[in-house]
Amino acid sequence: MSQMNMAQALNSAMDVMLGRDPDVLVMGEDVGYFGGVFRCTDGLQRKYGARRVLDTPLTEGGIVGAALGMGVYGLRPVVEIQFADYAYPAFDQLASEAARLRYRSAGEFWAPLTVRTPYGGGIFGGQTHSQSPEALFTHVCGLKTVIPSNPYDAKGLLIASIEDDDPIIFLEPKRLYAGPFDGHHDRAAASWAGHPLSEVPQDHYSVPLGKAAVVREGGGVTVLAYGTMVHVALAAAEETGVDAEVIDLRTLVPVDLETIAASVAKTGRCVVVHEATRTGGYGAELAALVQEHCFYALEAPIARVTGWDTPYPYAFEWDYFPGPKRIGEALVRTMDARA
Amino acid sequence: MSQMNMAQALNSAMDVMLGRDPDVLVMGEDVGYFGGVFRCTDGLQRKYGARRVLDTPLTEGGIVGAALGMGVYGLRPVVEIQFADYAYPAFDQLASEAARLRYRSAGEFWAPLTVRTPYGGGIFGGQTHSQSPEALFTHVCGLKTVIPSNPYDAKGLLIASIEDDDPIIFLEPKRLYAGPFDGHHDRAAASWAGHPLSEVPQDHYSVPLGKAAVVREGGGVTVLAYGTMVHVALAAAEETGVDAEVIDLRTLVPVDLETIAASVAKTGRCVVVHEATRTGGYGAELAALVQEHCFYALEAPIARVTGWDTPYPYAFEWDYFPGPKRIGEALVRTMDARA
Amino acid sequence: MTPHSPLSLHIPEPRFRPGEKPDFSDLRTSAPGEVRRPEVDAPAAEFRDLAESLVRVLDEKGGAVGPWDPKLEPERLRLGLRHMLLTRAYDERMMRSQRQGKTTFYMKSTGEEAVAVAQAMALDKGDMLFPTYRQQGLLIARDWPIFEMACQVYGNAVDRLKGRQLPVMYSAREAGFFTISGNLATQFIQAVGWAMASAYKGDTRIAAGWIGDGSTAEGDFHYALTFGAVYRAPVILNVVNNQWAISSFNGLAGGETATFASRAIGYGLPGLRVDGNDFLAVTAVTQWAAERARRNLGPTLIELVTYRAAAHSTSDDPSKYRPADEGSYWPLGDPIERLKDHLIAVGQWSPERHTQLAAEAEETVLAAVKEAEAVGIMGSGRRHSPATMFDDVYKVMPWHLRGQRQELGF
Amino acid sequence: MTPHSPLSLHIPEPRFRPGEKPDFSDLRTSAPGEVRRPEVDAPAAEFRDLAESLVRVLDEKGGAVGPWDPKLEPERLRLGLRHMLLTRAYDERMMRSQRQGKTTFYMKSTGEEAVAVAQAMALDKGDMLFPTYRQQGLLIARDWPIFEMACQVYGNAVDRLKGRQLPVMYSAREAGFFTISGNLATQFIQAVGWAMASAYKGDTRIAAGWIGDGSTAEGDFHYALTFGAVYRAPVILNVVNNQWAISSFNGLAGGETATFASRAIGYGLPGLRVDGNDFLAVTAVTQWAAERARRNLGPTLIELVTYRAAAHSTSDDPSKYRPADEGSYWPLGDPIERLKDHLIAVGQWSPERHTQLAAEAEETVLAAVKEAEAVGIMGSGRRHSPATMFDDVYKVMPWHLRGQRQELGF
Ligand SMILES: Cc1ncc(C[n+]2csc(CCOP(=O)(O)OP(=O)(O)O)c2C)c(N)n1
Ligand SMILES: Cc1ncc(C[n+]2csc(CCOP(=O)(O)OP(=O)(O)O)c2C)c(N)n1
Ligand SMILES: [Mg+2]
Ligand SMILES: [Mg+2]
């Protein structure tokens, strides 16, 4: 075990997999010699050489297309897209190709790609370094979408993703790389040190895809969250004193409906939170699923606390961010709703 | 008034706008001399010349990027993407650029693009000529998404879209070009002739964006549909005898929540239908909205009848298509649900 | 600044429209045997002229001339002829099937058969092919059963792709034939990625990708040339310039102002332009590019100049946008006729043997297609169970797909 | 087939890493005055050599030589010098502001000032500019108030972009300066579209787009060249080859095997390569390309060879991936020093006047920046109301955004 922040844990996952499997390679813009703009691949090229940890041309469509061809050959490319906002030029290769290879060839061809990319706000990145595009991927069948919220899960989920034979979109909450973040941007930045989930085994282990974690038990209301929002939701629960059960989804597709439904069956209330814009966000799918499966248990409307339906505005980051105050209000409102 | 099928009505809309506004131009793959693979631009180049009705290189990203620059100059480009399945290479120009120009420049720049594209199945197009990607656009703030279900609306909505100063994704249910389609693929293909909504004024008129139409009144259950599914939903209502109120949304963003909520307040039940894959589809947003706004009126879970979460399989088109039988079963199930 | 007149937009137009008399006399061409053949390890900058000339081996009298003559054994030439005849017969047959309502859709490669057949034969069995929908000849030249191909077109119970793909969107892993995408151009950069992986592993197999003239305008074309050049991937990048992209002539892809082969120059890659209807020239150029790739010298861009003699697909009517007889004016002839004439000229063939081989090809095709039809055609006969529709979205079916399969009744 | 040795992957590596001694002696260059100047209406195929040579006017002694000398009035040269000094002073100031925590982010153009300043001055006021984030000199050369620029960087209440954009992502419609995108390369094809529209309308204004060497690998670069060539759009397409894309040297964009200017060849377009630190050469080449565009002769691709002397941005530390002193070995010098030396050499300037002008520039910048700081800096002072956050998503605010604004309390 060692103490790692999330960037280090991700680094360790790639390190372990590069070490174990000669077919694993890491590629992306500035990931090689430099070690990545968020340092997630720091030292890997030094350790494994430029052949295994490749700097690429600046073209996300090209990177994913080439990685896909490598995957078809039999390699396991781990691709970094520098910011999730820049995944769009690769959208065709992801949605039309990576997601469909296995299906359209009836299992003859597939590409076990893992596409890592930092997403979300909280670092004053402005509208093109802050987006949360998960819902664009969760709608594409054939892709799996994974989002960790802490160093332990980050490493275990990334290893599971690299070992998985389906194409995976692995979204990394960039605001959590260095420390947990409860949404109180006006307080001193926290570090992972001391956080139980920053104790990370140095060796190989994995956290299974498709399994959520109940990170806070409670009987009053179920909060569905992932990534940064897990920490913000926990803070909101503490601060309001609402008896909230907070679920960290970890995998968005396939989602762990069993854990969700069991919780809502118990609490009868549900709040869904994400940083992405509201309309058509993944929260809509969660709300739809919950009311489909728990209708008769529900005592209040399912609330969504999300980013606004605007681009992420640079100077208004904290007015945009669905912080503990907005989540707390939704918790209280949901608890107060008449049954 | 003349009798038009949907392709003719769309053609007439472009004809009218090319005639009225010298800044309107039509562009896309095969739209010029040939008149479009679905004949929607037939005759327009002959009438307005190759300068106004442009054949373009085969590159959707390039087409949208160039059209966007034209829009910034002050033109009103009407772009055709040959199939909605091929919009992905243009996704970056649509989501990062068209949708954000006005916002990021605080109103200094914008591009009044209209992007027309045929979507949906029912013509044995297989997985890359049948997709319904509307949910990928409805999640992108700054875009408006419009889907007509009949010739009259098609012309009026397309004119409204071309005249609108925001970028519009205009999805055309390709199975409805030649005639209405109620999902009974084993019956003879219908023609628009005789359908009241195929009586279309030859001149300029518009159908406002953001307004749904109640196409069948009923008190038992609200059915939310758009495009081809409007006709299938109507058939399902007739065939089951369920007292369904069918709403044709026409615009998905901004959606006409008022009409939806008024109906569900009355019926207390709701079924959402679309052809797109279920997970993260626009139906999820509708379900989320309805339960947010009509929770206390709801007497049954909101049901979603949709395409399966698989690519659209060529030889299993009718097993995939959410036809009148599946919708009918959902209507009956929803009506039977205990309050 | 001097005052300038108003700007105006240049709109490319093909030279001939329906009703006009075609004249291809300004097609950039070279005399058979005229173009030099550089060493495969010569620096690309030293033979840029090859991107603008046209490698040709067969002359008008059926002779094989010049440095690019691949000097193939007659046996091999006859095999090439047979593959091309089979391809053409198969295309004819399936097109007729479509007209008879046995399938919804078909795409012919008529007039372009030499591209796929000669290239497949010039490569090794282990080399990986990333085709478009118009290289059915690759499968036939690799002896892939026509029966299998027809079953795919019919989407019947034997279709290895389980009825999931539009007709002609084949996939054949055992034949090293990559699953065809409906989305144009995507395979071009994938071919480069596969080749990079082969080099990464110290393999000796190379990759080849195909793309249409129209599709070169997509971003994937640029990605392929960029990655190919940057990592010197062992790949052959083929542009099949058959003059048309549905109704759009190749000038709309930039073919008015430059050759497609010359795109290579800006990436420092060799670009070769070859007579795509000359079986020998296509063979030679492909062998040359393959040798470069195998010697770790990197990619070659080949422009194969040919003509799409048939409609784009069964959904298309080319007489709407080009002279109905345009093909008969095409100056580079027909690949089958030209190879036949060559074999006859060198005394290795006769009109009688040709007629017989063509008839045999038709019979072979007919038998295979009949066999496929006995399994099932679109709309009747045996097909896979709809339950299979939920397989292969993921390697292991997740709960929500199991649930949906159940909803469908399985 | 002969047996082949295993393949291996070529991985491009910059020649010098931290701790190594740089040596740029193999940079493709030409002597000042050496490169010929074709007529603007000469066919592109006739001067392909220009894509590989380097147009230079300023010689080592400060003289202006050869056919590309634009023969500018001294007054204009001094104005260019002033714009460059202002640009550099502004960059220095704002970088310091970032270090002082007044803004979160900044990007300098140090060493590349001639690109933006000379090009802006070579174009007409009405011409439309589609820049990247490293052409702040365009705004300064168009006399856009530095105060306005600083307010954008601070995201304060005067920021015309209402605090919505990352610092330096300016937009200035009145200055014909297009809103900068955070997504690289997208503006390149948009510039072509704008130019097409200008031609469509019979306007006389042309467009210019800029793109970095790294960003040429994106699809938009290919789209721009394709549309530009196909429709002969009146546009100047500029590749700013400053050798680096964050930590990636330009070999990763294909710069090892070919020049970026030579990409033009494959589209039939003229490609010019120019010393980007030579104010006169940049001016001349830009005027030449503008004249071509205005005469309806279509696009020109210009590669401006320069060096990113500073960090990529304030978030970057280049000493991690290149020798800390690499810039001092750059053979094409500093654009400001070179123009200064020229003006002195021709008797139109003196070291004293230069020192004075530089000091004035710093004062001008300081005054404007102070004024902006008085309005507000990141995190303190006056900013726009958060309610404005919901404006401009659409032209007219729809109900759901009104509702969300209300949720936020407005
Ligand atoms: C991304 C994408 N855009 C558009 C289409 C529709 N489409 C199918 S074939 C075709 C023409 C292709 O022309 P070309 O590349 O020259 O190939 P050819 O058909 O001549 O072999 C078009 C536009 C498509 N399949 N994919
Ligand atoms: C589509 C996209 N991908 C990646 C990035 C992240 N990024 C910002 S600048 C940069 C390097 C750009 O290099 P270059 O094009 O050479 O321009 P320069 O910074 O040298 O002016 C990268 C990778 C981005 N902004 N957009
Ligand atoms: Mg073609
Ligand atoms: Mg650069």
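Letters go in sequence order (proteins before strands), and every chain restarts at 1.
The two atoms that bring D:Ala217 and A:Leu58 nearest to each other are CB-O, 3.6 Å, heavy atoms only. Closest approach of D:Gly182 to A:Tyr86, counting heavy atoms only: O-OH, 3.2 Å.
A distance of 8.5 Å separates OH in A:Tyr314 from CD in D:Gln152, rounded to the nearest 0.5 Å. Of the inter-residue distances, the one linking D:Gln404 atom CD with A:Thr306 atom OG1 reads 6.0 Å to the nearest 0.5 angstrom.
Counting only heavy atoms from C-beta outward, the side chains of A:Phe124 and D:Phe105 never approach each other to under 4.5 Å.
Within the 4.5 angstrom heavy-atom criterion, only backbone atoms of D:Ser385 (N, CA, C, O) approach chain A.
The choice from A:Gly35, A:Gly32, A:Pro57 that makes the most heavy-atom pairs within less than 4.5 Å of chain D is A:Pro57. Among A:Thr128, A:Ile123, A:Thr56, A:Val37, the residue making the largest number of heavy-atom pairs under 4.5 Å with chain D is A:Thr128. When each of D:Ile246, D:Val393, D:Leu9 is checked for heavy-atom pairs under 4.5 Å with chain A, D:Ile246 comes out on top.
A salt bridge links A:Asp319 to D:Arg383: at least one charged side-chain nitrogen sits closer than 4.0 Å to a carboxylate oxygen.
By the 6.0 Å and 45° rule, D:Arg164 does not stack over the aromatic ring of A:Phe316.
Side-chain atoms of D:Ser248 and A:Tyr33 include no donor-acceptor pair closer than 3.5 Å. Side-chain contact check for D:Ser247 and A:Asp30: at least one donor-acceptor pair (N or O, by modelled atom type) lies under 3.5 Å.
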